[in-house]
Amino acid sequence: MSKSLDNKASLIKKASITTLLGNIILAAAKIVTGIYAGSMAVVGDGIDSSVDVVIDIMNIVVAGIISRPADEDHPWGHGRAETVATSLLACILFFAGAQLILNSGKDIIMGVSKEVPSLPAIIVTLVSIIGKILLAWWLYIFGKKANSPMLRAHAKNMKADVMLSAGVLVGLGLSTLFNIGVIDSWAALLVGIWIIKTSLGIFTEANTELMDGGTNKIYYQHIIEAVNSVKEAGKPHRLRMRRIAGLWDVDIDIEVPPQKTVIEAHWIAFMVEKAIKDRIENIYDIMVHVEPAGNVEAEGFGLTETTIQELKDTESGEEKL
């Protein structure tokens with residue numbers, strides 16, 4: 001296993017253990033207080049924090065998986081476990097939000113009479129907002145250090161939780177102010193919609209990585225510049241990039257003068273790898289395939305320098321429009 005993945009796994013574990021403890025406390029406090037104070041919205045907020053507990057446990061498990069070295073069944077390593085876990089995180093959030101919508105929606109449609117939540121519900125929600133802000137900040141810092149899409153997704157989820165708790169607080173305030181208990185059910189409904197919206201955003205981002213798509217075109221441009229900076233390396237083509245656990249895996253074909261020896265061609269390829277690493281951080285692996293200049297093959301995959309320039313020109317034209 002590479003040192004970068006080892007360090008990443010360590011950072012994920014450290015971040016997740018801290019947020020696990022924080023979420024256990026917040027979830028228990030909100031569920032117990034919500035039941036005592038008669039607030040379905042606060043109970044729903046507590047359920048969301050319970051989901052966060054499951055997510056933190058999952059993150060710790062995933063950190064152990066991605067730290068494993070490559071083996072005969074997983075020659076690319078186990079980094080994609082993080083992306084799969086991120087997708088699972090999105091699914092858990094989606095069903096938690098859907099359940100909250102169904103329960104609160106049923107109360108609204110059936111006209112269930114609800115009492116106005118008591119003061120403890122407001123207090124625990126205020127505490128929750130402060131706690132979630134601190135946890136989101138913690139995850140964001142470690143997600144950036146580890147370059148972990150899983151931690152960044154969880155930080156985004158925590159940020160959504162702050163807005164969620166703020167919505168619950170507004171609902172509690174209005175319910176108390178106007179002495180209308182059903183406002184709490186409407187707040188719970190909106191909380192559920194917000195949870196689903198967050199889950200769909202997380203799933204879309206994870207699915208893009210699983211499908212090896214969504215690479216920022218500026219990275220392709222950096223690779224083209226890297227190839228062009230190496231003497232006797234030319235015609236970069238069949239260029240492909242994908243993410244594995246937040247790291248870049250790069251495949252590229254280049255042409256070298258046909259009279260070069262294998263050793264000389266290998267040295268040119270090595271210099272291309274170095275030039276790419278100088279321009280792009282967090283490289284997992286680079287595969288440079290060498291071809292003799294003038295080689296004619298049907299290339300069915302990847303991008304070329306011409307294609308990238310056309311994409312760049314198209315995007316510039318769209319910006320002008």
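Residue numbers start at 1 and run along the sequence shown.
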So, for Tyr140 and Ala155, which heavy atoms are closest and what is the spacing to 0.1 Å?
N-CB, 3.8 Å
Ring pair (Phe, Tyr, Trp, His ring centres under 6.0 Å) filter on Phe95, not counting sequence neighbours, yields none
Distance (rounded to the nearest 0.5 Å) between Lys13 NZ and Thr18 OG1
14.0 Å
Heavy-atom check, side chain of Lys277 versus side chain of Ile286, under 4.5 Å
yes
Residue pair Arg238 / His289, side-chain heavy-atom distance below 4.5 Å
no
For residues Ile254 and Val256, determine if any side-chain heavy atom of one lies less than 4.5 Å from a side-chain heavy atom of the other.
yes
Pick one: which of Leu139, Ile24, Leu151 meets side chain to side chain contact (heavy atoms under 4.5 Å, CB included) with Thr19?
Leu139
Looking at side-chain heavy atoms only, is the closest gap between Ile196 and Ile101 below 4.5 Å?
yes
In one Ile/Leu/Val/Met/Phe/Trp/Tyr side-chain cluster, 4.5 Å: Leu126, Val162:
yes
Atom CE in Met241, atom CG in Asp249: separation rounded to 0.5 Å?
9.0 Å
Is the backbone N or O of Ala29 less than 3.5 Å from a side-chain atom of Thr33, with the two atoms forming a donor-acceptor pair by type?
yes
So, taking the atom named OH in Tyr220 and the one named CD in Glu225, what distance separates them when rounded to the nearest 0.5 Å?
15.0 Å
Single-linkage hydrophobic cluster Leu239~Val290, side-chain heavy atoms < 4.5 angstrom
yes
Kindly give the heavy-atom pair with the smallest separation between Lys14 and Trp138, and that separation in Å.
O-NE1, 4.1 Å
In terms of the angle between their ring planes, are His222 and Tyr219 parallel, tilted or perpendicular, with boundaries placed at 30° and 60°?
perpendicular
Less than 4.5 Å apart, side chain to side chain, heavy atoms only: is that true for Ile280 and Val250?
no
Interatomic spacing from OG in Ser229 to CZ in Arg279 - rounded to 0.5 Å
4.0 Å
Ile193, Leu200: one ILVMFWY side-chain cluster at the under-4.5 Å cut-off?
yes
Step-by-step side-chain hydrogen bond (donor to acceptor under 3.5 Å, both in side chains) determination, His237 to Glu291
CA-CA 11 Å; His237 59 286; Glu291 298 175 355; 3.2 Å; yes
Nearest heavy-atom approach of Ala265 to Lys260 is N-CB, 4.4 Å
Check whether Val227 and Ile218 end up in the same hydrophobic cluster, where Ile, Leu, Val, Met, Phe, Trp and Tyr are linked by side-chain heavy atoms less than 4.5 Å apart.
yes
Ignoring hydrogens, what is the shortest heavy-atom contact between Pro236 and Ile224? Give both atom names and the distance.
CG-CD1, 3.6 Å
Is it the case that the ring center of Trp267 lies less than 6.0 angstrom away from the ring center of Phe270?
yes
For the CE atom of Met158 and the OG atom of Ser49, what is their distance to the nearest 0.5 Å?
7.0 Å
Exercise: identify the closest heavy-atom pair between Gly46 and Lys30:
CA-CB, 3.7 Å
One should read off an interatomic distance between Asp56 CG and Leu21 CG, to the nearest 0.5 angstrom, of 9.0 Å
Looking at Val43 and Gly34, what are the two nearest heavy atoms and their distance?
CG2-C, 3.6 Å
Ile130, Leu135: one ILVMFWY side-chain cluster at the under-4.5 Å cut-off?
no
Could you tell me if the side chain of Glu264 sits less than 4.5 Å from the side chain of Thr261, heavy atoms only?
yes
So, do Val272 and Ile223 sit near enough that their side-chain heavy atoms are less than 4.5 Å apart?
no
Test: Lys132 and Asp52 ion pair at under 4.0 Å
yes
Side chain to side chain contact (heavy atoms under 4.5 Å, CB included) between Leu26 and Val124, worked out:
CA-CA 8 Å; Leu26 290 176; Val124 77; over 6 Å; no
